[in-house]
Amino acid sequence: MGRVKGRLEEAYDPHKVEDYVHKFWDENSIYLKVKEKSSKSKKKYYFLDGPPYPSSNTFHIGTAWNKTIKDSMIRFFRMKGYNVWDKPGYDTHGLPIEVKIEKELGLKTKKDILKIGIDKFVQRCMEFAKRNVEGLTEGFKDLGVFMDWEHPYLTFKDDYIESGWWMIKRAHEQGLLEKDLLVHHWCPRCETTLADYEVSEYVDLEDPSIYVKFKLKGYDDKYIVIWTTTPWTLPANAFVMAHPDIEYAEVEVNGETLVMARSRVEKIMEEAGIKDYTIKKVIKGSDLEGLEYTHPLEDEVKAQELLSKYHRIVMAPEAVTEHEGTGLVHSAPGHGDVDFEVARKIGVPIVSLVGDQGNLLDGAGKYAGIYFREANKYIIEDLRRKNALLHESTIVHKYPVCWRCKTPLLLRATEQWVIKVSKLKDKLIKEAETVYWQPEWAKTRFINLLKNVRDWVISRQRFWGIPLPIWVCKKCGHIEVVGSREDLERLGGKVPENLHRPWIDGVKLRCPKCGGEMERVKDVTDVWFDSGISFYASLGYPRNKELWNSLKPVDFITEGHDQIRGWFFSLLRSGVITFGSKPYTRVLVHGFTLDEHGFEMHKSLGNYVEFKEVIERMGRDIFRWWAMMTTTWEDMKFSWAGMEKVKRDLSIVWNVYNFALTYMSLDSFDPVNNSIEEFSETLKPEDKWILSRLHRLIKKYEGAMYDMKPHEAARGIRDFIIEDVSRWYLRLIRRRVWVEEDTVDKRTAYAVLYYILKNWLLLAAPFIPFITERLYRELVYKSGDGYESVHLEDMPSYKAELISDEIEESMNIAREIIEAALAARMKAGLKVRRPVKRILVAPVSRDIVDKIDPFRHVILEMANAKSLEIVEEGFIESQMVRSVEPDYRGIGPEFKQKSRAVVDLISRYSKEIADAIVRNGYYVGKVNGEEIRLEPRHVKIRADYPDWLSVEPSKVGLVAVDSRLDKSEILEGLAREIVRRIQFMRKELKLGIEDDIMVSISTDDEAISEAVRAYKNYIMREVRGVEITGDPIQGYRREWDIDGAKVVITIQRVSDRNGRQ
RNA sequence: GGGCCCGUAGCUCAGCCAGGUGGAGCACCCGGCUGAUAACCGGGGGGUCGGGGGUUCGAAUCCCCCCGGGCCCA
C-alpha cells in the first residue's frame, strides 16, 4: 500500500532542482537504466547526431537548442517504447583546427609545418580536438542530454578513416572517381589551394583597368574590345565570351571599327577620352558567334601556339553583363571559374601559366619567371607598343586575400580528385523526393539545390584530415583505391600505427599490373567528406556490417537550415555513392539563434550571449522549455524576458504540485489503491472535463511529436498545466479537498488530480527532464507508485472515449457565463466575497440551456451566487427603465424664459415623460401653472437597467447579476470577511494548514455580531477554529475595519490534528 | 544577382497551409481574490497585421512587386 508523502521546498529554485537531479542521475546510473530498458524493444529508432565541430570547448546557444531538440525527441521515442540509437558524434578534422594549431605553434606557412614535422603537427591537432570534445561533452551532459557520451563517434579515429576509404573505393568501382583540372583560389605564398569557404577576406586593392583590342580575322581594321583588371591572364587567353541577346555596336574611331556592347559605348568613350566616334551599326550578340580574332601577344607567348586555333567569339550569357566592361569578356580558362566552365563545355584546353609560387611559367614566353602581379606592367607596355591598347587606367576594388598571410590570391587550375556526383543527379533527386521533411519548404529548397548539383572535389592539400586512399604506380601510372586496412596488406603494404598523415604517406604498395612501386597521393579529404559518411561510418561499417543492416535507414536527423546544403546534402550524396539510396527518411530543420533584435549573434558585434550565462541566470529546464516552444524551423530571437516568462510558468507548475502534495499527504492519499478506474461512478463533470482535456492533449502531443513538430507538443503541455489545471481545475476542486472527512468526493478529486499530474509529468519529461524528475520522485515514486525515474516510464496513449466535445463545450459556456457575471459584479461594485441572490442568463439559443446544466454548481460557486436562472431571450432587456434627459437645443428656442422650469419638470418626471412620449408621442405637463407640451425634439430618451441589475454581454447571451441582497446574504458576506481576516492572521503567524486555533471576536457592530453567531460553524470550519468566543483571550490580536465597523480579532494556536502542542 | 524563410500591440509570439468581426503572455493603469500566496483572477487602454497593388461579396491569410532581417548559393 502506498501513500503520498513527498514534500517540496517552498519556492521553485531551478538550480537546486537541477543539482539534485544531476546527482540523482549520476548516483543511480539513470541514463544506463533508461538505455537498457529501451534496448529490450524490437522497434528500432535510428537517430543520427549531426556532429558539431570542436573548435572550442564551449558552445553557442544555437548548439544548445540543437541538442535539446534531439534530446527531447530521443526521450519521447524511448518512452514510446522504441530502441533508440543515440550515439553522439564530433566532426574533428579540417582546416579550422589546423589554423588554430598553426597559431598556437606560431607557424605562418605550409613550409613551417613541414619544418616542424607533419607528425608533430597532426598530433597537436588530435590533442586539440580531444580536449574540446571533452569540454563540449561536459556541457551537453550538463544540459541534461541523454546520449551515449561514453561512446561518441570521432571522425579522426582510424576505424572511421577506414570507413571513409571504403566510400572512395565504392566511387572508384562505379567509375565516379576522377583526377581533374579545376580552377580554385590559390595562395602563392602558402603554396596551397583554398576551398571556397576559406576565401572570406577581401581588401581594397589597386589594379590596372585596361581596354584591349583584339583584331578580327578577315576584316581590315576591325577589332573587338575587351576589358580586364588582370593583364597577367592575357597570355593564357583562349577565347572571348559574348551575350547572344545583348546589342553590340560597331563604333568608328580614327578609321578603325571597334566592337563593344551598345549600352557601354558612351561610358567607354568618355573613359578613354575619345570624343570623335560614330556608331556605324548595331547588331545582336548572336551575330558575333564564331568570329575569329588574332591575339596581340601571339608572338610573345609560347602557349599561344596551342591556343591561337581556339580564338573566336563564344556565346556565354552566364559570363557577360552590361554593368561593367565591354560586353565582350576575355577568357583564360586556366585562371577563371566561368571561363573554365565554358572552356570545358566547348572543348577548349585548360592552360594555366602560373606556377605554385605565383611566377609565370615557360609557356608564358617572354614573361616567364615574372611574379604574376609584376607581369602586368610589361604586358601593358607590349600591348601599347602593338597598338592593341585602347585605354589604360587603374581601379580600386575588393580583391580576395589569404586569410592567414594576407597575400593576394589568384585563380588557378590545378589537378584535384573529383567524384562525379553530377552523374548521379537524377538518382539524388529521386531519392530525396521520398524523404519526409519538416517543414515542407525545406524539401523544396533541397530539391532546388540538387537540380544544380556539381561534381565533388574531395582532395585538399592539407594534413589534418582523412588521407586519400589513392595509390599511383610510379612506373605504369596504374591507380589503386584502398578500401580498408586489409586492402592495404593485400597490396603489399604495412598498416601504420596511425592512418593519418604522415604515417600513411610512408606506405608503399606493389603495383598489381606491372609490379612497380606505388605511392599515395599526398592529399587529404574535404571536411564535408567526414560527416557525410557518419550514417554508416559511425556504426563501424563495413567492418561490422550487421549493425548498419539492422539499423538502416536513419529514422531521424535534425540540424539548422544551413545544413540543407551542408550535412543533409552530404549525407544523401554519400548514401547514393555507397548504397545507391538515401540514408535517412525523416528530417527536421531547425532555425538559427539570433539576438533580441533579430540580428546574428557574434562575439565581434558585442551581442553574443554565452550559454554558460543562460544556465547561471536561468537554468536548464527554463532554457530547454523556452527554446522548445519557439517554432522549430524558424529563427529564434534570444530573449531574457521570454525565459523569465517560462520561469514563472515553471513556478506555477511547482506550486500546482506543491498544492497536490500538501493535501494528499495530509490525507495520506494512497494512489496505488485509489486509481482513477475505481471512481468512474463518482466523477463530477469538472473531473470528466479535465480528463477530456488531458486526453485531448495527449492526442495532440503524440501527433505533433510523430510529425516532428516538437514545439506544438511543448506549447500544448504548457497550456494544459497553466490554463486548464492551475487556473481552472485546481480552483474548482479546492473546496472538495479542504473537507476534513474522508469523503468519496474528496478521494475522487485526489484520484483525478493524481492521474492528470502524473501523466503530465510523463508528457513534460522529454522537454524539462529535471523538474519533472524531481516532482515525479516526490509525487509518484515516494508514494510507492511507478518507477525509480520518470524517464523509465512509458509514454501514455490517449483514450478516445475520454475525450468529450460536449463536456468541453459545456465548460466553455460555463466559463463565458462566469466571466460575464464577474464583470457584471465589478460594474456594480460587488466584491466576489459577498454572495448575491441570483444570476440571470438569457441564452442566445435554447440548446445552450442543456449545456449549462452540468456546470450550474461551478457557475454558482465561481460567481458566488445563490441561484442561476435561465430566462427567455429579451427578458433582461425588458427590465430596462426608460428615462429622458432635456435636450437644450430643442427647449431653449421654444420655451425661452420658461426653459429652466421645463428642465426641472423633465428631471422630476423623467420616467413618466419617457413612457408618455414613447407611447403617445408627446407629454403634457404644467409649468408655473401653465400647460406645456413636450415632444421628442425636447428630450433625449434613454434606456437603463435598474440599479439592482448589472448586465454584461457574453458570447452565449446576456448575463445579469441581481444585486439586491437579503439579510442572509449580507450576513454570509460578513462571515466571509471575518474568515478572510482570520486566515490572514494565520498566515502572519505562519501556522500550518493542520494547526487548530482558538478565536476571539469582539465588536460593537450589530450585523457583524449577528453574522458571527449565525455562521459560527462555518467560520470555525474554514479557519480550523476549535472555539469562537466573544471574550478576550491571550494570543495574537489585531484590529480590523469591516464596512466601517471596528472588529477586534484574537487568535491563539492550540494544537494540531495529531495533538501536537 | 538567384533560391528558401521571417516581418502581427511598446516587447516576445499564436493565428496564415484549408479566406469570414485580429488573439495570448509580458509591461502599463484600475479592480478583485487570499489555506498554491514573492502565487492567482477580472477589466481597461494600446494594432496602417512591414509598404504598395491584385483576386474576392469578403484578405493578416491567396497572387504579384517593393522594403527590412536570416540562411544558402552566385
How close or far is atom P of rC4(B) from atom CG of N448(A), stated in whole angstroms? 6 Å
No-hydrogen, no-angle side-chain donor-acceptor test under 3.5 Å, W456(A) and D526(A): yes
To the nearest Å, give me how far apart CG (N864(A)) and C1' (rU34(B)) are. 14 Å
So if I take every side-chain heavy atom of R565(A) and compare against rC72(B), rG70(B), rA39(B), which nucleotide ends up nearest? rC72(B)
Tell me what L991(A) touches on the nucleic acid: a base, only sugar-phosphate, or nothing, going by heavy atoms under 4.0 Å. nothing
With sugar-phosphate meaning primed atoms plus P, OP1 and OP2, does R976(A) contact a base, only sugar-phosphate, or nothing at under 4.0 Å between heavy atoms? sugar-phosphate
Can you find an N or O donor on one side and an acceptor on the other, under 3.5 Å apart, linking the side chain of R445(A) with the base of rC71(B)? yes
Side-chain donor/acceptor contact of R734(A) with base of rA36(B) under 3.5 Å: yes
Among rC4(B), rC71(B), rA36(B), the one nearest W441(A) by side-chain distance: rC4(B)
State whether R986(A) places a side-chain N or O below 4.0 Å from either non-bridging phosphate oxygen (OP1 or OP2) of rU34(B). no
Do E9(A) and R774(A) sit within salt-bridge range, that is, some charged N less than 4.0 Å from a carboxylate O? yes
Axial cation check for W1040(A) ring with R1038(A), 6.0 Å and 45° limits: yes
By nearest atom, which of the nucleotides rU34(B), rG3(B), rC13(B) is closest to the K637(A) side chain? rC13(B)
Side chain of S639(A): nearest nucleotide among rU37(B), rC71(B), rU12(B)? rU12(B)
Spacing between I1042(A) atom CD1 and rU34(B) atom C1', to the nearest angstrom: 15 Å
Does anything in residues 647-661 of chain A pair up under salt bridge (charged side-chain N to carboxylate O under 4.0 Å, His left out), and if so which pairs, sequence neighbours excluded? D649(A)-R718(A)
I would like to know whether D667(A) and K746(A) meet salt bridge (Lys or Arg N to Asp or Glu O under 4.0 Å); could you show each step before the answer? CA-CA 10 Å; D667(A) 285 322; K746(A) 182 166 81 175; 3.0 Å; yes
Donor/acceptor link under 3.5 angstrom from S726(A) side chain onto base of rA36(B): yes
Are the side chain of D621(A) and the backbone N or O of I771(A) linked by a donor-acceptor pair below 3.5 Å? yes
When the P atoms of rG45(B) and rG10(B) are compared, how many Å lie between them, rounded to an integer? 15 Å
Are R980(A) and rC33(B) close enough that a side-chain N or O sits under 4.0 Å from OP1 or OP2? no
Could you check whether K5(A) pairs with E778(A) (Lys NZ or Arg NE/NH1/NH2 to Asp/Glu carboxylate O, under 4.0 Å)? no
Give W654(A) one of three labels, base, sugar-phosphate or nothing, depending on what nucleic acid heavy atoms sit under 4.0 Å from its own. nothing
Tell me, yes or no, whether the heavy-atom count around E440(A) atom CD, taken from other residues, nucleotides or ligands under 6.0 Å, exceeds 12. no
Nearest-angstrom distance from the residue atom CZ of R815(A) to P of rG43(B): 11 Å
Rounding to a whole Å, what distance do you find between E341(A):CD and rC73(B):C1'? 14 Å
Expected string for nucleotides 24-31 of chain B under the B/S/- scheme (protein heavy atoms, under 4.0 Å, primed atoms plus P, OP1, OP2 as sugar-phosphate) is -SS----S
Given rC72(B), rG43(B), rU12(B), identify the nucleotide with an atom nearest to the side chain of D562(A). rC72(B)
How would you label the contact of E644(A) with the nucleic acid (heavy atoms, under 4.0 Å): base, sugar-phosphate, or nothing? nothing
Does E634(A) reach a base, just sugar-phosphate, or nothing at all? Heavy atoms under 4.0 Å. sugar-phosphate
Which is true for R454(A) with a 4.0 Å heavy-atom rule: it touches a base, it touches only sugar-phosphate, or it touches nothing? sugar-phosphate
E819(A) side chain: which of rA36(B), rC71(B), rG42(B) is closest? rG42(B)
Any R731(A) side-chain nitrogen or oxygen under 4.0 Å from OP1 or OP2 of rA39(B): no
Any side-chain donor paired with an acceptor under 3.5 Å for D635(A) and H561(A)? yes
Please determine if a side-chain N or O atom of T444(A) lies less than 4.0 Å away from the OP1 or OP2 oxygen of rG3(B). no
Select one nucleotide: of rA14(B), rG70(B), rU34(B), the one nearest the side-chain heavy atoms of T631(A). rA14(B)
